[in-house]
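First up is the structure itself, then whatever we jot down about it.
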Number of protein chains: 2
Amino acid sequence: MLKLSKKADYGLLAVNHLTLYRSQGSVSARDIGKTYRIPVGLLAKVLQRLVQKGLLKSEHGANGGYRLAKPAEFISALDVISAIDGPVVITSCKTERGECVQTPACTVKEPLRRVNDRIVEALSSLSFAHINNPTFRLAAN
Amino acid sequence: MLKLSKKADYGLLAVNHLTLYRSQGSVSARDIGKTYRIPVGLLAKVLQRLVQKGLLKSEHGANGGYRLAKPAEFISALDVISAIDGPVVITSCKTERGECVQTPACTVKEPLRRVNDRIVEALSSLSFAHINNPTFRLAAN
DNA sequence: GAATATAGGACTGGAGAGGTCGCATATGCT
DNA sequence: AGCATATGCGACCTCTCCAGTCCTATATTC
């Protein structure tokens, strides 16, 4: 349906929160969840995944939580989305479980691949530094 | 997961087929289904939807089938996709069943809306005349 | 050692995608 | 007329996978 998963939405929201509050050290999943009314357990999973992918760093224990692993301008929406949902591919032509049966005869996969490239480009040009710039614009607009 | 539905894929494939064979009059769902190994019953549903939305015209009876309702340059990938899957909106911010609970506090909906615009733009600039032009390029590349 | 974090696996409910079937209707052919 | 072949459309079914919960282990602070 060409929609981001809720997990990806939550991830974007959380990373942006960590960007906004990065001067205050770590923020817990609990705090972020409360702020945006996201189920805390689920959000924790999402954040753990972002740690695994090297986008965030975590701190255990009281006063622990999450913080950005690098400056906000080096974290893109694509980074977050693909960390959570896997690679951005709008078609089902090929997945980890092989190709779809249409692939050999498919006359539209090449154009769709180009559309896909455009989407990837738009998402990767959108960093969190960018997002919080009040006068931001997407690149190449 | 930011993927087109199979129905949308089938629709794109079918409309492109009708574009390629438009000089030969109507083509049945059965023929198209066999060509691309698409379940015929399902494909028929998809094509009927495209008729409802005014993209195709249908003819009942023997030697009936489907054909484009207008020249291929006036039918875009976006037309087909949104006819089948509904409007292209990558977020769950708002649907026909109201807004998500995050919306008021959401800090990323505006940037995502812009990404969405880019996707819509890419899909709407992709006509079927365009797709079958061997040297095609997406607009604004 | 109590409180508060993350880490991560197991599990469940439910929505929705993908697909099937049956029947009505329309058209062409013999 | 009668049959074969189309579309039109609603009901239905299955099965995957997203969204969310729960539980336990581990780490850190006070």
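Not measured: the values here are computed from a predicted model. Throughout, protein chains are lettered first and strands after them, A, B, ... in sequence-line order, and every chain is numbered starting at 1.
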Polar pair under 3.5 Å, donor/acceptor by atom type, side chain B/Lys57, base D/dT7: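 Side chain to base: no pair below 3.5 Å.
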
Base D/dT21 to side chain A/Lys45, donor-acceptor N/O within 3.5 Å cut-off: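 Result: at least one qualifying N/O pair found.
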
Taking atom [atom2] of [N] as reference, at what distance in whole Å does atom [atom1] of [X] sit?
| X | N | atom1 | atom2 | result |
| --- | --- | --- | --- | --- |
| A/Met1 | D/dC18 | CE | P | 14 Å |
| B/Ile32 | D/dT7 | CD1 | C1' | 12 Å |
| B/Ile38 | C/dG19 | CD1 | C1' | 13 Å |
| B/Leu43 | D/dA6 | CG | C1' | 13 Å |
| A/Lys3 | C/dA15 | NZ | P | 16 Å |
| B/Gln102 | D/dA19 | CD | C1' | 12 Å |
| A/Leu42 | C/dC11 | CG | C1' | 14 Å |
| A/Leu2 | C/dA17 | CG | C1' | 15 Å |

Which nucleotide wins on minimum distance to the side chain of [X], given the candidates [options]?
| X | options | answer |
| --- | --- | --- |
| B/Arg30 | C/dT6, D/dG8, D/dA6 | D/dA6 |
| B/His60 | D/dG8, D/dA19, C/dG18 | D/dG8 |
| A/Gln52 | C/dG18, C/dG8, D/dT7 | C/dG8 |
| A/Ala62 | D/dT28, C/dA7, C/dT27 | D/dT28 |
| B/Pro39 | D/dT7, C/dG19, C/dT6 | C/dG19 |
| A/Ser28 | D/dC18, C/dA5, C/dT25 | C/dA5 |
| B/Lys7 | D/dC9, C/dG18, D/dT21 | C/dG18 |

Of A/Gly41 and B/Val27, the one whose closest DNA chain D nucleotide lies more 5':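 The 5'-side residue here is B/Val27.
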
Residue whose closest nucleotide on DNA chain D lies nearer the 5' end, A/Glu59 versus B/Val51: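 The 5'-side residue here is B/Val51.
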
hydrophobic_cluster_shared for B/Met1 and A/Leu42, side chain cutoff 4.5 Å: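 No, it is not one cluster - the side chains of A/Leu42 and B/Met1 are not joined through contacts under 4.5 Å.
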
Shared hydrophobic cluster for B/Leu12 and A/Val89 (ILVMFWY, side-chain gaps under 4.5 Å):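 No, it is not one cluster - the side chains of B/Leu12 and A/Val89 are not joined through contacts under 4.5 Å.
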
Distance in Å, A/Leu43 CG paired with A/Tyr66 OH, rounded so as to fall on 0.5 Å steps: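 Spacing of CG (A/Leu43) from OH (A/Tyr66) equals 8.0 Å.
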
N or O in side chain of A/Tyr10 less than 4.0 angstrom from D/dA19 OP1/OP2: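 No.
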
Phosphate contact (C/dA7 OP1 or OP2) by A/Ser58 side-chain N/O below 4.0 Å: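 Yes, within the criterion.
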
Residues, nucleotides or ligands: over 12 heavy atoms within 6.0 Å of B/Lys34 NZ: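 Open: at most 12 neighbouring heavy atoms sit under 6.0 Å from NZ of B/Lys34.
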
A/Asn16 side chain to B/Val108 backbone, donor-acceptor under 3.5 Å: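 No, because the side chain of A/Asn16 does not come within donor-acceptor range (under 3.5 Å) of the backbone of B/Val108.
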
Side-chain donor/acceptor of B/His130 to backbone N/O of B/Ser125, under 3.5 Å: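 Confirmed, B/His130 side chain pairs with B/Ser125 backbone.
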
Most 5' of A/Gly64 and B/Lys6 on DNA chain C, judged by nearest nucleotide: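 Taking each residue's closest nucleotide, the earlier one in sequence belongs to A/Gly64.
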
